[in-house]
Amino acid sequence: EDFCQALGFPPELKYQAQGGPTLGRCASLIRDQLGLGPLAMQAFLDWVIFAVLIGNADAHGKNLGLLRSSGGALQMAPWYDLVPTIAWPARILDRTPALSIGGAPAIDQVDRTHWDAFAQETRLRPMFVRQRVQALAEAAIDALPRVIEHLLAGGGTPHQLANAQRVLLANCARTLSAAASRGSVR
């Protein structure tokens, strides 16, 4: 089931601004209501960070899911519906995060203050969140050229992939810098 279902929200309320779940409620579901443990919390944190790194402003409550094993145990579902919305012009796709990340006005403007507010909302240690942001940003910067090569080999459109690579590398570098900086970096 997705997180909207698990938290009792109807499917049309998948966006926080429309009355849907918050990241704080999602974290509470994992930690307090379901008791899924630290690995599930890290998977949740990594999902949020990855959404920021790829600029997925449409990461909403129906894009987080739970799987039940044949024995009845719940676990986090693999990630799905991962769309780098910042690869399209802002006039075409809104950059306001579907789930607020520390009050950031846009998915490509999340800075250290937003990560710290997110950490407080989700009851995570701010230093741990910032360190994880830095580690995943560095890994994404390292992996992106290989991902683009793989997509090109599979028939991807060179112009579109070159644009996506440029936008995503810039966003990952900005996110990396912003997580380490004391001030706002945009």
Engineer: Take Ile49 and Phe118 through the test side chain to side chain contact (heavy atoms under 4.5 Å, CB included) and record every step on the way to the result.
Structural biologist: CA-CA 11 Å; Ile49 294 168; Phe118 161 79; over 6 Å; no
Engineer: Enter the distance from Asn63:CG to Trp79:CH2 here, rounded to the nearest 0.5 Å.
Structural biologist: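 The distance works out to 12.5 Å.
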Engineer: Identify the heavy atoms of Leu29 and Ala6 that sit nearest to each other, and give their distance.
Structural biologist: CD2-CB, 3.7 Å
Engineer: Are any non-hydrogen side-chain atoms of Thr122 and Phe44 less than 4.5 angstrom apart?
Structural biologist: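 Thr122 reaches Phe44 side chain to side chain.
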Engineer: Check the pair Asp58, Val83 against side chain to side chain contact (heavy atoms under 4.5 Å, CB included), reporting the backbone distance first and the verdict last.
Structural biologist: CA-CA 7 Å; Asp58 196 43; Val83 181; 5.8 Å; no
Engineer: What heavy-atom pair brings Leu67 and Pro78 nearest, and what distance separates the two atoms?
Structural biologist: CD1-CD, 3.6 Å
Engineer: Please report the interatomic distance CZ(Arg166) to CG(Leu144), rounded to the nearest 0.5 Å.
Structural biologist: 12.5 Å
Engineer: Determine, stepwise, if the pair Leu7 / Cys26 fulfils side chain to side chain contact (heavy atoms under 4.5 Å, CB included).
Structural biologist: CA-CA 8 Å; Leu7 289 166; Cys26 293; 4.3 Å; yes
Engineer: Find the distance between CD1 (Ile148) and CG (Leu169) and round it off to the nearest 0.5 Å.
Structural biologist: 8.0 Å
Engineer: Give the C-alpha distance, both sets of side-chain angles, the deciding distance and a yes or no for side chain to side chain contact (heavy atoms under 4.5 Å, CB included) between Gln75 and Leu66.
Structural biologist: CA-CA 6 Å; Gln75 64 183 26; Leu66 299 165; over 6 Å; no
Engineer: To the nearest 0.5 angstrom, please state how far the CE atom of Met41 sits from the CE atom of Met76.
Structural biologist: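 Atom-to-atom, Met41:CE and Met76:CE are 9.0 Å apart.
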Engineer: Determine the minimum heavy-atom distance between Trp88 and Arg95, stating which atoms define it.
Structural biologist: O-NH2, 2.9 Å
Engineer: Specify the closest pair of heavy atoms between Trp47 and His60, including all atoms of both residues, with the distance to one decimal.
Structural biologist: CH2-O, 3.9 Å
Engineer: What is the minimum heavy-atom distance between Leu45 and Phe128, and which atoms define it?
Structural biologist: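 Closest approach of Leu45 to Phe128: CD2-CE2, 3.4 Å.
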Engineer: Look only at the side chain of Asn171 and the backbone of Val52, and say whether a donor-acceptor pair between them is shorter than 3.5 Å.
Structural biologist: yes
Engineer: Consider side chain to side chain contact (heavy atoms under 4.5 Å, CB included). Of Asp108, Ile92, Ile54, Leu93, which one does Thr85 pass it with?
Structural biologist: Leu93
Engineer: Would a hydrophobic clustering, with Ile, Leu, Val, Met, Phe, Trp and Tyr connected at side-chain separations under 4.5 Å, put Leu74 with Leu64?
Structural biologist: yes
Engineer: Return each pair, listed once, that meets side chain to side chain donor-acceptor pair (under 3.5 Å) where at least one residue sits in residues 123-150; pairs must be two or more places apart or across chains.
Structural biologist: Asp32-Arg123, Asp46-Arg132, Asp116-Arg130, Asp142-Arg146
Engineer: Report the distance from atom OG1 of Thr175 to atom CG of Leu53, rounding to the nearest 0.5 Å.
Structural biologist: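 Rounded to the nearest 0.5 Å, the OG1-CG separation comes out at 5.5 Å.
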Engineer: Flag the pair Pro21 / Cys4 as yes when at least one side-chain heavy-atom distance between them is below 4.5 Å, and no otherwise.
Structural biologist: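 Contact flag for Pro21/Cys4 side chains = yes.
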Engineer: Report yes or no: do Tyr15 and Leu82 belong to one cluster of Ile/Leu/Val/Met/Phe/Trp/Tyr joined by side chain heavy-atom distances under 4.5 Å?
Structural biologist: no
Engineer: Between Arg174 (side chain) and Val110 (backbone), is there a donor-acceptor pair under 3.5 Å?
Structural biologist: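 Yes; at least one donor-acceptor contact below 3.5 Å.
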Engineer: When rounded to the nearest 0.5 angstrom, what distance separates OG1 in Thr22 from CG in Leu99?
Structural biologist: 8.0 Å
Engineer: Might you confirm whether atom CD of Gln120 has over 12 heavy atoms from other residues, nucleotides or ligands at distances under 6.0 Å?
Structural biologist: no
Engineer: Test your reading of the model: is there a side-chain donor-acceptor pair from Gln109 to the backbone of Ala104, 3.5 Å cut-off?
Structural biologist: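 Looks like no, no N/O pair under 3.5 Å.
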Engineer: For Asn163 and Ala87, which heavy atoms make the closest approach, and how far apart are they?
Structural biologist: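 In terms of heavy atoms, the two residues are closest at ND2-O, 3.4 Å.
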Engineer: For Lys14, check salt bridge (Lys or Arg N to Asp or Glu O under 4.0 Å) against everything at least two apart and list the hits.
Structural biologist: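 With sequence neighbours excluded, Lys14 shows a salt bridge (Lys or Arg N to Asp or Glu O under 4.0 Å) to no residue whatsoever.
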